[in-house]
Amino acid sequence: MQARTWIGFATALSLFLCCAFVSPKDGEPTYAADIRPLIAEKCLSCHVEGGMAPFPLQSFEQVKKRARLVWTMALSLKMPVCNASSDAGEFCIGGPFTDEQLVLFQRWLAAGAPEGVATEPLPSPGKEWRLGAPDAVLRPVEAAPIEPEGRPFWRTFVLDLKPYKGKRIRAFDVRVESPQVLRQATLGFAPDGLAGANRGRAGFPTYGTLSHYTSRVFGSWAPGYPVWQFPRGASLPIAADGLAVQAFYLQRGRTEPGGFEVALYFSRDEGDREVKTVQTGSMDIQVSAGSTVELSYQHQFPGTVDLIAIVPEARFYCSDILVTAPGFRLLDTRKWEPYWVGVFRYREPIRLAAGSEVSARFTIENDIHASRNEVTVPRPVSGGYREAQEANYVNLVYCDAR
Ligand code: HEC
């Protein structure tokens, strides 16, 4: 009896020793060493508990359970969500998997998706503002809850900027009650009149085209994208009474709160360069039923500028946006998705020489197979600010070069 117990114990011990200390075969990738850092870099900005994505990818078990799906999504470039690039790099956090990383992931799958050494779940981000304590926090007076079902929609709120007139914004961030439903925000200064009392309260519909209402769109936000900061030594003077925030909502099958808050960070440097916006684009669009057209708009900068960011706006008929300067791709959408717009701000501003012409090309596919506008019978499409119409704008956010 005793002997058997001892043998059982010895077997258990040797099994434990064998398996606890067996290192993965030489060169075989493990979760701990190879996959976890990749997920942390590329997926965690959305796939966390309470984040915008439907499930977290924080622990080994969570990743292993979906390992094949993760691999397919990565291979098809669907995840991480990186909808556009430029010659200066990707706009999203982390960027798509490189070929080497895809091969690594595949070898990890082939090896049976081993953990390697035991790992702790990756930590959730804190609830604090990403840039620390803000100088001002603005909230809509009223933001209605988002119904479980229905078409995605845009709603613009005008927030009171009067107390901050004359200050200069160096950065802003947005925090939303539910990142599942509030998927993108475009920010601009509201022209006088847009902040009319009843409009300011619960917002009003804008169909994805804040550019139609203001020529001073200056930034954007989307869950899982980097926070908006102007380059060091550049800031945006507040010269309007209202901040217009166009929020894009997606229904997710249950009622979710629709509120948000905007944090502003002010610059105290008197010598800052002024951040400006120039807009190009149009609603003068006619596309006959069943055809595809390319529409181009240009802007020529008279002096040398530093381009900080691009905020494009287009709707359901647009399939692709390409913005170029001579010899340089400034913004190239892999596929324009009005439901998945990201944030297109350069890590370092792009210097454009005096006289540079920036050209924005929109591909408009007015074909029942290409359109995401749920039309079943081809019909002519016109430009306009209503939902079933198309509008094309790019806002170029820049400052003059010193
Ligand atoms: C910008 C936010 C964001 C990032 C970054 C992101 N995801 Fe997602 N992911 C989502 C959302 C949102 C969904 C739900 C799909 C939808 O709403 O259309 C999703 C869905 C998925 C799905 C399920 C797809 C399906 O068809 O069921 C997988 C798998 C996935 N993501 C893996 C990843 C991996 C792996 C990464 C990193 C390499 C990543 N995601 C990065 C937001 C993100």
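Here, residue 1 is the first one in the sequence, and each next residue gets the next number. Indexing begins at 1, ligand by ligand and atom by atom, following the structure's order. Just so you know, these numbers come straight off a predicted model, no measurement behind them.
Close approach of ligand 1 to Ala53 (heavy-atom distance below 4.0 Å) involves ligand atoms 9 (N), 10 (C), 11 (C), 12 (C), 42 (C). For ligand 1, the atoms closer than 4.0 angstrom to any heavy atom of Arg252 are 17 (O). Of all the atoms in ligand 1, the ones that sit under 4.0 Å from a non-hydrogen atom of Ser45 are 5 (C). Numbered from 1 in the order shown, with element, the atoms of ligand 1 that lie under 4.0 Å from a heavy atom of Pro223 read 1 (C). Each of the atoms 12 (C), 17 (O) of ligand 1 lies under 4.0 Å from some heavy atom of Arg183. Taking every heavy atom of Met73 and a limit of under 4.0 angstrom, the matching atoms of ligand 1 come to 24 (C), 28 (C), 29 (C). Using a 4.0 Å cut-off to heavy atoms of Phe97, the atoms of ligand 1 that qualify are 38 (C).
The only member of Tyr339, Phe153, Trp154, Phe260 that meets ring-ring contact (aromatic ring centres under 6.0 Å, His included) when paired with Tyr249 is Phe153. Exactly one of Val103, Leu77, Leu38, Leu75 qualifies for a side-chain contact (heavy atoms from CB on, under 4.5 Å) with Phe97. That residue is Leu38.
Relative to atom 3 (C) of ligand 1, the option among Pro96, Cys46, Ala222, Cys92 with the closest non-hydrogen atom is Cys46. Closest heavy-atom approach to atom 11 (C) of ligand 1 within the set Phe105, Tyr225, Trp340: this belongs to Trp340.
Geometrically, Arg36 does not engage Phe60 in a cation-pi contact, judged by NZ or CZ lying under 6.0 Å from the ring centre and within 45° of the ring axis.
Between atom 8 (Fe) of ligand 1 and His47 there is an N/O/S contact shorter than 2.8 Å.
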Stepwise side chain to side chain donor-acceptor pair (under 3.5 Å) check, Gln279 with Ser215: CA-CA 6 Å; Gln279 191 179 73; Ser215 55; 5.6 Å; no
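Here the protein heavy atom with the shortest distance to atom 22 (C) of ligand 1 is Phe55 CZ, 3.4 Å. Summary of contacts: the protein heavy atom closest to atom 37 (C) of ligand 1 is Cys43 SG, 1.9 Å. Looking only at heavy atoms of the protein, atom 19 (C) of ligand 1 is closest to Met79 CE, 3.2 Å. Atom 35 (C) of ligand 1 has Val70 CG1, 3.3 Å as its closest protein atom, hydrogens excluded (heavy atom only). For atom 41 (C) of ligand 1, the closest non-hydrogen atom of the protein is Pro80 CA, 3.4 Å.
Using a 4.0 Å cut-off between charged side-chain N and carboxylate O, Lys335 and Asp320 make no salt bridge. Ionic pairing of Lys276 and Asp400 is present here: one or more N-O contacts between side-chain nitrogen and carboxylate oxygen are shorter than 4.0 angstrom. Between Arg232 and Asp272, no side-chain nitrogen of the basic residue sits less than 4.0 Å from a carboxylate oxygen of the acidic one, so the salt-bridge criterion is not met. A salt bridge does not link Arg315 with Glu390: none of the charged nitrogens is closer than 4.0 Å to a carboxylate oxygen.
A heavy-atom separation below 4.0 Å is found between Pro54 and ligand 1.
Using cut-offs of 30° and 60° on the angle between ring planes, the pair Phe172 and Phe218 is perpendicular.
Side-chain N/O atoms of Arg170 and Ser267 include no donor and acceptor closer than 3.5 Å.
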